[in-house]
Participant: 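Below are the structure tokens for one structure; questions will follow.
One is the number of the first residue; the rest follow in order along the sequence.
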Amino acid sequence: MSVTTGEAIAAVRARLNAKSYSFPLYYHGDDAPDLPATPATFGYVMVNNEGSNLVAFGGGRGNNVYRNRVRVEVFVFSPIGLGPETVANEAEMVAAQLRSYRDNVISCFSSDVIPIGPGATLSVPGLNNEVNNYQCALVESIIMFDQIG
């Protein structure tokens, strides 16, 4: 089955939104979130298609299979001072939603939690608000989808 990039992004969004978290998820490309005056946990999702490789010849031009590698990055922020284990545990809930997942659109082969530390050291593309009152952990997932062309 041939999948478009838009369909792959929609599948990632649907998979992440299929679970209720104790915090909201915001998506790069949507309206930028207005963070509350009192810091509260949230996640910020970015989907980056890193390109495709030819993986199978299917009988000539227009029938070849190209595999796309997509890096899904979810920056999970929690109020600073709660300890790195708190933000790591919150990020793990998101990672578990993608880890070892496969449907007819996407396949996820890994999903890791990487503690980053204070948000003051970050500049997240598309996030207009300062996050210096937050600590951060990154959920990094590798997703694949195939296109025929």
Side-chain angles (χ1 to χ4, degrees), residues 1-56 65-148:
M1 177 177 163
S2 186
V3 175
T4 67
T5 301
E7 290 169 333
I9 292 170
V12 168
R13 185 186 289 248
R15 181 65 184 165
L16 288 174
N17 290 343
K19 178 171 174 56
S20 293
Y21 308 101
S22 60
F23 51 89
L25 290 180
Y26 303 107
Y27 291 84
H28 182 69
D30 290 351
D31 290 336
D34 289 324
L35 300 181
T38 302
T41 301
F42 71 97
Y44 188 76
V45 182
M46 297 182 63
V47 180
N48 302 303
N49 189 343
E50 296 180 339
S52 65
N53 291 310
L54 178 66
V55 294
V65 178
Y66 297 87
R67 182 148 299 143
N68 287 262
R69 177 186 162 103
V70 176
R71 183 177 308 276
V72 177
E73 297 170 318
V74 183
F75 294 86
V76 178
F77 294 93
S78 69
I80 202 156
L82 297 180
E85 64 279 2
T86 300
V87 73
N89 288 337
E90 291 164 336
E92 180 58 40
M93 291 186 286
V94 177
Q97 194 62 8
L98 292 173
R99 189 177 291 124
S100 299
Y101 175 75
R102 178 178 287 184
D103 63 15
N104 61 345
V105 179
I106 59 172
S107 298
C108 182
F109 294 100
S110 67
S111 193
D112 302 307
V113 173
I114 304 164
I116 293 178
T121 62
L122 294 175
S123 175
V124 180
L127 188 60
N128 296 336
N129 299 294
E130 291 190 25
V131 288
N132 53 354
N133 291 330
Y134 293 87
Q135 59 186 342
C136 183
L138 174 66
V139 175
E140 186 175 73
S141 303
I142 303 301
I143 307 286
M144 303 285 188
F145 71 92
D146 291 343
Q147 291 179 310
I148 299 172

Participant: Taking all heavy atoms of R69 and all of N49, pick out the closest pair and write down the distance.
Facilitator: O-OD1, 3.3 Å
Participant: Of the non-hydrogen atoms in V113 and A95, which two are nearest, and what is the gap between them?
Facilitator: CG2-CB, 3.9 Å
Participant: What are the two closest heavy atoms between T41 and P24, and how far apart are they?
Facilitator: O-CD, 3.5 Å
Participant: CG of L35 to CZ of F77: how many Å apart, nearest 0.5 Å?
Facilitator: 8.5 Å
Participant: For side chain to side chain contact (heavy atoms under 4.5 Å, CB included), just list the numbers for L82 and E90, CA-CA rounded to whole Å, side-chain angles, deciding distance to a tenth of an Å, and then say yes or no.
Facilitator: CA-CA 12 Å; L82 297 180; E90 291 164 336; 5.8 Å; no
Participant: Counting distance only, does the side-chain N/O of S111 pair as donor-acceptor with the main-chain N or O of S141 below 3.5 Å?
Facilitator: no
Participant: Could you check whether any side-chain heavy atom of L16 comes within less than 4.5 Å of a side-chain heavy atom of V94, counting everything from C-beta outward?
Facilitator: yes
Participant: Can you give me the closest heavy-atom contact between R67 and D146, atom names plus distance?
Facilitator: NE-OD1, 2.7 Å
Participant: So, R15 side chain and L98 main chain: donor-acceptor pair closer than 3.5 Å or not?
Facilitator: no
Participant: Checking Y134 side chain against F42 main chain: does a donor-acceptor pair fall under 3.5 Å?
Facilitator: no
Participant: Can you classify the ring geometry of H28 versus Y44 as parallel (below 30°), tilted (30 to 60°) or perpendicular (above 60°)?
Facilitator: perpendicular
Participant: Is the side chain of Q135 donor-acceptor paired with the backbone N or O of G83 at a distance under 3.5 Å, no angle test?
Facilitator: yes
Participant: Would you call V76 and Y21 a side-chain contact if the rule is heavy atoms closer than 4.5 Å?
Facilitator: no
Participant: Minimum heavy-atom separation for G43 and F23, please, with both atom names.
Facilitator: N-CD1, 3.9 Å
Participant: So, taking the atom named CE in M144 and the one named SG in C108, what distance separates them when rounded to the nearest 0.5 Å?
Facilitator: 9.5 Å
Participant: Atom CG in L25, atom CD in Q97: separation rounded to 0.5 Å?
Facilitator: 10.0 Å
Participant: Does either side chain, that of Y101 or that of D103, offer a donor lying less than 3.5 Å from an acceptor on the other one?
Facilitator: yes
Participant: For the atom pair CD1 (I143) and CG (N68), what is the distance rounded to the nearest 0.5 Å?
Facilitator: 12.0 Å
Participant: How long is the gap from CZ on R71 to CG on N48, to the nearest 0.5 Å?
Facilitator: 8.0 Å
Participant: How many angstroms lie between CD in E7 and CD1 in I106, if you round to the nearest 0.5 Å?
Facilitator: 12.0 Å
Participant: Give me the atom names and distance for the closest heavy-atom approach of S2 to I148.
Facilitator: OG-N, 3.0 Å
